[in-house]
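Report on one structure; see the data block that follows.
Quantities reported herein were computed from a predicted structural model and do not represent experimental measurements. Order of listing sets the numbers, starting from 1, for every ligand and every atom in it.
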Amino acid sequence: MTATLANGILETATTPFPDQRPGTSGLRRKTRAFMQPRYLENFVQAVFDVAAADAPLARETLVLGGDGRYFNVPAIQTIIRMAIANGFGRILVARDGLLSTPAMSAVIRTRMALGGLMLSASHNPGGIDADFGVKFNVRNGGPAPEEVTERIYRRTLEIDRFRSVRLADLDLGRESDHQVGATRVSVFDPLADYVALLERLFDFGALRALFRGGFRMCFDAMHAVTGPCAVHILEERLGAAAGTVVRAQPLPDFGGGHPDPNLVHAHALVERMNAADAPDFGAACDGDGDRNLILGRGCFVSPGDSLALIVEHARRIPAYRDGLAGVARSMPTSTALDRVAASLGIACYETPTGWKYFGDLLDAGLCSICGEESFGTGSDHLREKDGLWAVLCWLSIIAATGMTPARALDAHWRAFGRSYYQRHDFEDLDAAAAAEAVDALRQRLPALAAARFAGEAVVLADDFAYRSPVTGATSEHGGIRIVLADGSRMVFRLSGTGTAGATLRVYLERYRRDGAAGDPEPHLAPLLEAAHALLQLRERFGRERATVIT
Ligand code: G16
């Protein structure tokens, strides 16, 4: 039932959906779930109610955009009407509704907005039968912290009405300004703030010289949101050859692909980088542009190594010339970063999985660069991970050192040793059975403290808990970790970004001081065997092998 209030605002009665608790990064569900009546509206109204409890919205700006997946534009039009009805002073909508997650963070920070709603399910596929998501970013440009997402969730459980206005769809195809009642709605250029920021961080002149010297790269935009920005920066600004960016046009179904920049889903790029006439450098970004994949000729740079190398060479990049305050990684991420941090004499923080946990460290100036095993790297220039930033870091390292990615990796492993690392994902498990498997392992932790695996004694067996050194906020159940005497680790946790069933992630790391190039698999085999036995993957789920290994 919808009532028209005296001021023309429409108020529609609703009832709660019980499943609107945000996961690792916002609320992700099947597209059809979001398309059912009131589902999107309930969640967005809950976000607005929580925001309004903290600040009068009339003086605030809301940024809106998405990664272009199916349902992006209709959802944006709905949210514009709701944001007007909820009394925002200003709404900034990205042209064509296309905004990457890092660009969203940049715009929030530059325009001093209250925050933004980012419509994306990240690297998950798009389409009416695929995935959709909504993420709320706060004033610092980063994902809402757990305390805020919990308040939003609690609000979704009691919501009984949402607000909207009668308004025709806005033309998002060109930059424009509209006054609707007390709200100014502006359609803005999604590249401007973000590109200007990157230009301040990097030496574009040096990167132009690299391409002028004949350097060749291939960037796979995976038909997702980074395409236009990558063409602009790499081809138009830095002079990379036309056609350097492939699959550049954002499509609602990502061209039928899975916009996840890893060895499995970016296989066309991987094949190209393994071919005889491969370019010097390859990279890809995901659906919303915050993840990155880094490749050299016949060489994959794992996310943990990429993070460690960027930190090792950070002083070669103008923005980090004066050194780093500290660094951070999520707990399951390889400890390669810790060794570089120790050599630089800076702190290395270990946080739960989720970019939101880096926010207060960055805000407090404790951390300059951070990253995760899930192909995310970023710095204090934003409060989100940033795929193109990572690509420009690597181009800067290559330009400054003259090393190929393979040589840079070799030099790194010689200096620091190597963390052989893999993540094994067991997807589409029954959610209750997966939770039970992890619970059963948790119960066994005290006994495991005295066990041995792969010939090494266990030195730590716990369920990761975190306390922010800045705010004191705590977070529990970050993953079960079993650390061995030689520094090897097995970590087990359930993904918080899936939309159906459960994905069990098994992270394996084995450190070798004399580690060198080569496949990590044989080095990790004893840990993999132990992990299978610990979780009884065959007995419980009939699984012999992971669905995806990265
Ligand atoms: C999100 C978060 C990341 C996290 C990743 C995987 O990335 O922002 O911090 O590492 O999910 O989370 P999980 O292991 O719980 O699935 P994105 O790129 O999907 O937004």
Listed by chain and number, what are the ring-ring contact (aromatic ring centres under 6.0 Å, His included) partners of Y349, not counting sequence neighbours?
->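 Partners of Y349 by the ring-ring contact (aromatic ring centres under 6.0 Å, His included) criterion come out as none, since no residue qualifies.
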If you measure from CG on L508 to NE2 on H523, what distance do you get to the nearest 0.5 Å?
->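 One gets 13.5 Å once the value is rounded to the nearest 0.5 Å.
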Tell me, yes or no, whether the heavy-atom count around E529 atom CD, taken from other residues, nucleotides or ligands under 6.0 Å, exceeds 12.
->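 No, not enclosed.
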More than 12 heavy atoms of other groups within 6.0 Å of R467 CZ |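 No.
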With R154 via salt bridge (Lys or Arg N to Asp or Glu O under 4.0 Å) - residues at least two apart |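 By the salt bridge (Lys or Arg N to Asp or Glu O under 4.0 Å) rule, R154 matches no residue at all.
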Go through the structure and list residues passing salt bridge (Lys or Arg N to Asp or Glu O under 4.0 Å) with R109, not counting sequence neighbours.
->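 Not a single residue meets the salt bridge (Lys or Arg N to Asp or Glu O under 4.0 Å) criterion with R109.
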For ligand 1, would you mind listing the residues that have at least one heavy atom less than 4.0 Å away, ordered by chain and number?
->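 Contacts of ligand 1 under 4.0 Å: T24, S25, R28, S122, H123, D286, D290, R291, T353, G354, W355, E372, S374, K385, R493, S495, G496, T497, R505.
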